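Note that ligands are numbered from 1 as they come in the structure, with each ligand's atoms numbered from 1 the same way. All of these numbers come straight from a predicted model, not from anything done at the bench. The first residue in the sequence is number 1, and the count goes up from there.
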Amino acid sequence: MDKLIITGGVSLDGEIRISGAKNAALPILMGALLSDSAVRVGNVPHLHDITTTLELLGRMGVTITVDERSGVVIDPSTLTDTEAAYDLVKTMRASILVLGPLLAKFGTADVSLPGGCAIGSRPVDLHLRGLEQMGAKIKVENGYIRATSGNGLKGAHLMMDQVTVTGTENLMMAATLAKGRTIIENAAREPEVVDLANYLNSMGAEITGMGTSKIIINGVESLGGTQYDILPDRIETGTYLVAAAMTRGKVKLKDTDANQLESVLLKLKEAGADIAVGNDWITLDMHGKRPKAVNIRTAPYPAFPTDMQAQFTALNSVAEGSATIAETVFENRFMHVQEMQRMGADLQIQGNTVLSNGEGRLTAAPVMATDLRASASLVLAALVADGATVVERIYHIDRGYECIEEKLQQLGAKIRRVPSSA
Ligand code: EPZ
C-alpha cells in the first residue's frame with residue numbers, strides 16, 4: 001500500500017483549486033438511475049470513491065462515459081441488473097444510495113448491507129424504515145437488503161428519529177417518483193443534500209424545502225436528462241485552511257464557496273486567522289503567528305461538521321492554550337488521537353471529548369491512517385512535526401482527497417508518495 005512521507009517545518013504559502021464535493025458527487029451519480037435518459041455531471045472529483053461508484057453502476061449495465069475534463073455521462077437506460085454487490089459495498093458504505101433510486105425507478109433492489117466502519121457502527125435502519133413507510137417490502141438476509149416496491153412507492157409523512165445525511169438523500173430520491181407527496185421532517189440540511197435536490201429538480205423532480213429540516217417532494221411520472229456541475233468540497237476547503245493555519249502560513253483557495261462552511265471559518269478566525277472571502281475564493285493568512293486552540297462541538301449542519309473534527313484536533317495539538325473538542329455524531333471518531341499521541345501530541349480523551357493544553361510538540365513518527373478524515377489530520381500534523389513522518393495506509397486519503405500531495409506541494413510542503421512496491 002502506498003504511503004506518504006512528509007517533512008515538517010514549512011509554512012504553507014500559495015494557491016490551489018478546490019475539487020468538486022465527494023459527498024455530493026456520490027448521491028448525484030447514483031441518482032442518475034432515476035432518469036429515463038442520459039445525464040452529464042461536471043466538476044466530478046478524481047477520487048477512489050468515484051471510481052467505485054462508476055464501477056458499481058457499470059456492473060448494473062449502466063453506460064458510463066468519462067470525458068477528458070472532470071465530466072461523466074451516465075445513461076441508465078441500458079441497465080440490466082439491480083444489485084449492489086458485497087465486494088464493492090464493503091469498500092464504500094455510501095453504495096447504499098442506490099437503494100432509493102433502484103426501488104423508485106425499477107421496483108426492486110438487492111443491496112449488500114453496509115458493514116460498520118472505523119468511525120462507528122453506521123446502521124441504515126432509518127433508510128429502511130422510511131422506505132417501508134413509503135410501501136417498500138424489505139427483507140435483510142445473508143447480509144443483503146432485498147427490497148421491492150410492491151405496486152409502486154407511495155408518498156408518506158416521514159419523521160427522521162435522527163438527522164441522517166444519506167438517509168435523507170435516499171428517501172428524497174425514492175420520493176421523486178413515488179405516487180403523491182412525501183414530507184421528510186428532521187431532514188439533513190447539509191449543502192450536499194441541497195445540491196442533490198437542485199440536481200433532481202433539474203431532471204424534472206418537484207422538491208422544495210431543501211436546506212431546511214422539512215423537505216417536501218411531490219412525486220412525478222418520470223425524470224429526464226440534465227447537465228449539472230457538482231458544488232465545491234467544503235471539507236477539502238476546510239482541510240487546506242487548517243493546514244495553512246497550523247503551519248502559520250497563508251493560502252488562497254479557488255473554485256470554492258465560503259457560504260458552505262461558515263462554522264469552520266468562524267472557528268479559524270477565533271484561532272487567530274485573518275480570513276477574506278469572495279464569491280468563489282477564500283484566503284487565510286496567519287501572519288506567521290501560532291494559532292490559538294479553539295473549543296469545538298460537532299453536530300449536524302449548520303453546526304460544526306464532524307468531518308472537520310480530526311483536522312481541528314490536529315490544530316489544537318499545536319495551538320496555544322487549552323481547549324476541548326466534543327464529537328457528538330459518531331461514537332468512535334478519535335482513532336487519529338492515538339496516532340497523534342505517538343507524534344508527541346499532548347491530547348487526552350475523556351468520553352466523547354478530546355482535551356488539549358497546548359504543551360504538545362510534535363515529532364515525526366510512523367503513523368497509520370484509519371479513516372478518511374483521520375488520515376488527512378495525520379498529514380496536517382506531519383506538516384508541523386519535526387522530522388520526516390511516514391503515513392501508511394493512505395488509500396483512505398485517496399478516497400476523499402484529489403491529488404493531496406500535488407496540492408500540498410503547490411503550497412510548498414515537503415511531501416512525496418512512496419508507491420507500495422517501493
Ligand atoms: C454522511 O455519512 C457523510 N458521507 C459522512 O462523511 C459524514 O461524516 C456524515 O454524513 C455526517 O455528516 C456521505 O455523505 C457519503 P449519517 P452518513 O447518516 O450519511 C446515525 C466523510 O468523511 N444513523 O448522517 O452515513 C449514524 O450512526 C464521510 O466524507 C443511524 O443511527 O452519516 C450516525 O451516528 C464520513 N441510522 C448519525 O446517524 C441510520 O439509518 C449520522 O449519520 C442512519 C444514520
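Checked by atom type and distance alone, the side chain of D195 never pairs as donor or acceptor with a backbone atom of A24 at under 3.5 Å.
Taking Y228 as the reference, Y199 meet the ring-ring contact (aromatic ring centres under 6.0 Å, His included) condition, with sequence neighbours excluded.
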- [ ] For side chain to side chain donor-acceptor pair (under 3.5 Å), just list the numbers for T256 and T237, CA-CA rounded to whole Å, side-chain angles, deciding distance to a tenth of an Å, and then say yes or no.
- [x] CA-CA 7 Å; T256 188; T237 301; 2.7 Å; yes

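Using a heavy-atom distance under 4.0 Å as the criterion, the protein contacts of ligand 1 are K22, N23, R93, A94, R122, P123, V124, D125, L126, H127, Q162, V163, T164, V165, T166, T306, D307, V329, F330, R333, L372, R373.
One finds a salt bridge joining E185 and K214 here, because a Lys/Arg side-chain nitrogen approaches an Asp/Glu carboxylate oxygen to under 4.0 Å. A salt bridge links E236 with K407: the closest approach of a Lys/Arg side-chain nitrogen to an acidic carboxylate oxygen falls below 4.0 angstrom. For R417 and D398, the salt-bridge test passes: some basic side-chain N is under 4.0 Å from an acidic carboxylate O.
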